Every structure is written in structure tokens, then in C-alpha cells.
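In what follows, a structure is listed as C-alpha cells, so that the remarks can point back to it.
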There are 2 protein chains.
Amino acid sequence: MARRRSTGVSEATTQRLSLLLRSLRELEREGVGSVSSSELAERLGSNSAQVRKDLAQLGELGVRGVGYRVPELRTRIEGHTGLGTPRTLVVVGAGNLGKALADSPNFHSEGFRIAAVFDVDPRKVGGRTRTGVPVLDAARLDAAVRELGAAIGVVAVPAPAARAAADSLVAAGVKAILNFAPHAVGPYPGVVVKNVDLTLLVETLGARLAASGA
Amino acid sequence: MARRRSTGVSEATTQRLSLLLRSLRELEREGVGSVSSSELAERLGSNSAQVRKDLAQLGELGVRGVGYRVPELRTRIEGHTGLGTPRTLVVVGAGNLGKALADSPNFHSEGFRIAAVFDVDPRKVGGRTRTGVPVLDAARLDAAVRELGAAIGVVAVPAPAARAAADSLVAAGVKAILNFAPHAVGPYPGVVVKNVDLTLLVETLGARLAASGA
DNA sequence: TACTGTGAAGTGATTCACAGCG
DNA sequence: CGCTGTGAATCACTTCACAGTA
């Protein structure tokens, strides 16, 4: 009887579990059988109490006096968080950033598959990115997304087009949106939205720089 | 006698002030003279108490019964936070992502200037990106960064090279690093570091998706 | 003995709610 | 009267510290 947790783990915890999973896979490749929370903490640049608290969310699966068994812990994290579940994604916008994201090894990791890039420019449509992802006509987005069964849409279009792109993705049935345009989109009911405003990132960095002395 | 605040405003507040600044510039172009905290909140998708709390950090500059005077508020935010201060940045890594970032309008906004992209690949060195940013030899990074007076370094290299790239930037005297590699760098004393792990973003999104029903 | 699991304390940010001023 | 500025309440997350167990 699998427990169904709608909002079980916080975003912060999920992020740390994801990083933890990376370490665990590495440890597993190295053939390590078990690790303590403090060893894991050291790898993550965190502290052991944090690691234990995070892992406690998945039930009691450590062995007192010993630590956690690596393979078991890995499968447990995957099972309970959905981390590692394969997903198909599409990118809207075949500009510099869109193509970079589509080809990026960052986005091809552990079970993610970029199925298509969409653009409105007829000169781009029909082509392929460097790694072979097809560039499709944005007018066919709805049909293509359904056909491909894409669950995640990445928005990489100029700011004024962001809302429309996100709307189309939602209409086509994606369940999550990662938006890189400097203009927040959403919220949409039933859709997980993450806005990553690159402009905001540099501006904030510049300000923190000013605050820290110059 | 300007007040020198080392760690005056939190990161969260700075981000909101940055967004606020965007709205204010827009309002100023429209010739709006004053706004209330609730009008601003609506534009940001926030709430009025939050806006007032954020603005209170800059001193008392609202007019009770009326709101905030737009031009005055804008200059005050710029002055106190360093938002809007022109900065020179360099990008390390002339791959897809590096070039996309260097050419991105997101990074050319409001006073930011990308002065150079560095790469180790001799076939790339000597060229220019689409918008004309020169690609320089990574071996010359130290000298070039000092010469250009770059304060912010953007890391856009593969994970295994991230630490070395960041180290060189710090050695060359940059005061802030924006790292896009899926491997955290830093901390370095006296340097503001922001890690933006793209892989982590999609993975977390996938997990939140799983948590919310599928 | 060496570790986990967890209550309790601590920290920081957000929201509420209202007194006070133009 | 309408709006700001802000103390107090709330909430979310992190760290501490230790009882309890394999």
C-alpha cells in the first residue's frame, strides 16, 4: 500500500534529495555498501542533522550504529520522490538559449529526453539542433506535445512571447513548465511552474556585490 | 553621509526590489507620478504588506494617504541597493550555453556588459559570438579580466571543469560568480557565488510533478 | 560503541492587523 | 479618509542535542 503524499516533501528537501541521489549513484558505482549521514553531509556541503531529517521523510531506513545501505537508500529515494522517473520534455523557442538547452548535457541526464524544439520562424522549422533534436512549427505544438506525451515544457522565448508560449503548453497538457523568460508566467491550476529569470539572477548578483563592499 | 550596509537587505528582498524596479521604470515611462503599495503588489503578484516591508528597508519614503512617488522611489532603490549599477561581466566556456548567455538580451539589460567569452579550444579562440563578443584564450583569462575590470564571472563549462574555471575567475579578481555547471563551486571568501544547477532544476521539477499527482 | 531518529530551540522570512499621519 | 510603517503572530526551515537502539 504505497503512501500517497500530495505535498509530502518541501522543495528545499527535494533539491537536497536530488543532490543526494547523485552522490548515492556515485557511491554505488564505487561499490560502497553503506554510508553515514555525516559522510553524506560532507559530500553535499551540508550537515548531518539536515541529511537525517531529509531522509526521515521517507521512513526509517537507517541502521543505528552503522548508517544507510546505499542501494536500498537509492531505490527508496527514487520510489518516494519520483526523482529518476523518465520524462519527455519539449522546448519552446529555437533561439540561442533554446538550442543550447535542448543540446545541453544538463538536460539529458538521468532519464530526461528532449523530444522537440518549437519555433515560429519558418526558416528554423524543419531543421535539427546539433544533437539532432527536430525543430517543429510552433503552430503544431498542441498536436506534437500530445503525440510525444511530453510532461514538461521549457520556455526559452523573448519576454513578450513567454505568456503565450506557456499558455499553449498548458493547453497542450504539459504538467510542468520551466520558464527562462524574464517575465514570470503562471500560476496555472494543476501545473507546476518554475520561473528562472536570468536577468533577475545577474541583477541580484550585482546588488549583492554592491552590498558586500563594491 | 551615505549609510554603508554590509548585509542590509536579504537576498529575497533584493530580488523583489529588482522586480519592483522594472515596474517602476515602466510606470515612469507611462508618466505615472505615484503608486500605492497595493498597486505595486498587484503588478508583482505579491501582497501590499510585503511591498511596504521591502521598501521600509530604504527608509521612510512613502506619503501616507497617497503612496510612493515613482521617480523618487526608483532613484532611492538604485542608490541603496546598487541595482542598476553598470557591471562588466565575462563568460567562461564558449559552448552552446556560454554563447547563448553571452548573446542573450537577458544579460545585456540595464547596464550589464559582456566583455568577453573564454575557451580553451583553439578553434574557437579568436572568433566572435553572433553579437560580436570576442572569444579569448582561457590561458589569458587572468590578464584579460583585470584589463577589462570585470566584476562578475559566469561559468558555463562542463561539470568537471567548473571548479577550475571558478578558481581562475576568483584568482583574477572577480567579485561575483554565476555558475551554471551542475556542480556547486565555492564558497570563496569575499566573493558572492550563485549556483544555478540546470540539471537540478529539471529534476526537482520532475519530482514535484510526481508529488502533485503524476 | 557509533550511529540514527527526533523533540526542542533557534532563525529568518512572511502575513496580519492596526495605530498614526498627510 | 486612505495609505504608510511596523509590532506581533505565524509559518517554514535549520540546527542543536540527546535518548535509544542495532
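Proteins come first, then strands; the chains are lettered A, B, ... in the order of their sequence lines, and each starts at number 1. As the structure is a prediction and not an experimental result, all values here were calculated from the model.
Listed by chain and residue number, A/Arg22 satisfy the salt bridge (charged side-chain N to carboxylate O under 4.0 Å, His left out) test with B/Asp197 (two or more places apart in sequence, or in another chain). In terms of the salt bridge (charged side-chain N to carboxylate O under 4.0 Å, His left out) criterion, residue partners of B/Glu78 (sequence neighbours excluded) are, by chain and number, B/Arg25, B/Arg74. Looking at residues two or more places apart in sequence or on another chain, you find no salt bridge (charged side-chain N to carboxylate O under 4.0 Å, His left out) involving B/Lys53. Checked against salt bridge (charged side-chain N to carboxylate O under 4.0 Å, His left out), B/Arg76 has no partners two or more places apart in sequence or in another chain.
The closest side-chain heavy-atom distance from B/Leu73 to B/Leu55 is below 4.5 Å. The closest side-chain heavy-atom distance from A/Ile152 to A/Val174 is not below 4.5 Å.
Screening B/Val91, B/Val154, B/Val92, B/Leu101 for a side-chain contact (heavy atoms from CB on, under 4.5 Å) with B/Val117, the sole residue that qualifies is B/Val91.
Distance, B/Leu40 CG to D/dT4 C1': 13 Å, rounded to whole Å. To the nearest angstrom, P of C/dT4 lies 9 Å from CD of A/Glu39. The interatomic distance linking B/Gln57 (CD) with C/dA13 (C1') rounds to 11 Å, in whole Å. Put simply, CD on A/Glu11 is 12 Å from P on D/dT14, counting in whole angstrom units. As a whole-Å value, the separation of A/Arg69 CZ from C/dT4 P is 14 Å. Look at CG on A/Leu55: it is 14 Å from C1' on C/dT6, rounded to the nearest Å. A straight line from CG of A/Asp54 to P of D/dT15 spans 10 Å, rounded to a whole angstrom. Regarding A/Asn47, its CG atom lies at a distance of 10 Å from the P atom of D/dT14, rounded to whole Å.
Comparing the axis of the opening five pairs of the helix from C/dT1-D/dA22 to C/dG22-D/dC1 with that of the closing five pairs yields an angle of 10°, rounded to 10°.
More than 12 heavy atoms of other residues, nucleotides or ligands shown are found within 6.0 angstrom of NE2 on A/His108. Atom CD of B/Gln15 sits in a crowded spot, with more than 12 heavy atoms from other residues, nucleotides or ligands closer than 6.0 Å. Heavy-atom contacts from other residues, nucleotides or ligands closer than 6.0 Å to CD of B/Gln50 number more than 12.
Remark: A/Ser36, A/Ser37 in residues 16-38 of chain A come within less than 4.0 Å of DNA chain C through at least one heavy atom. Taken residue by residue, residues 184-193 of chain B places no heavy atom nearer than 4.0 Å to DNA chain C.
Between the side chains of A/Ser34 and A/Arg69, no donor-acceptor pair is found at a separation under 3.5 Å. Using modelled atom types and a 3.5 Å distance limit, the side chains of A/Glu203 and B/Ser18 yield a donor-acceptor pair.
Minimum heavy-atom separation, A/Glu39 to A/Val35: OE1-CA, 3.4 Å. The shortest non-hydrogen separation linking A/Val90 to A/Ala150 is CG1-CB, 3.7 Å. Residue B/Ser37 comes nearest to B/Arg52 through the heavy atom pair OG-NH1, 3.1 Å, listed as atom of the first residue, atom of the second, then distance.
Applying the side chain to side chain donor-acceptor pair (under 3.5 Å) test to every pair with at least one member in residues 92-104 of chain A, sequence neighbours left out, gives these pairs: A/Asn96-B/Arg130, A/Asp103-A/Thr129, A/Asp103-A/Thr131, A/Ser104-A/Asn106.
Close to C/dT15, at under 4.0 Å from its OP1 or OP2, lies a side-chain N or O of B/Gln50. Phosphate contact (OP1/OP2 of C/dG5, side-chain N/O of A/Tyr68, threshold under 4.0 Å): present.
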request  = Evaluate the criterion side-chain contact (heavy atoms from CB on, under 4.5 Å) for residue pair A/Leu178 and B/Val202; output intermediate values, then yes/no.
outcome  = CA-CA 8 Å; A/Leu178 187 54; B/Val202 241; 4.3 Å; yes

Side-chain atoms of residues 161-170 of chain A: list all donor-acceptor pairs with protein atoms under 3.5 Å, sequence neighbours left out, distances to 0.1 Å.
residue, atom, partner, partner atom, Å
A/Asp167, OD1, A/Tyr188, OH, 2.5
A/Ser168, OG, A/Ala164, O, 2.8

Every protein N/O lying under 3.5 Å from an N/O of nucleotides 7-11 of chain D:
residue, atom, partner, partner atom, Å
D/dG7, O6, B/Lys53, NZ, 2.9

Could you go over nucleotides 9-11 of chain C and give all protein N or O partners under 3.5 Å, atom names and distances?
none

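Here B/Glu11 pairs with B/Lys194 in a salt bridge; the nearest charged N to carboxylate O distance falls below 4.0 Å.
Each of A/Ser46 and B/Gly59 was assigned the nucleotide of DNA chain D with the nearest heavy atom; the assignment lying further toward the 5' end belongs to B/Gly59.
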Base versus backbone protein contacts along nucleotides 17-22 of chain D [heavy-atom cut-off under 4.0 Å; B, S, -] = B--BBB

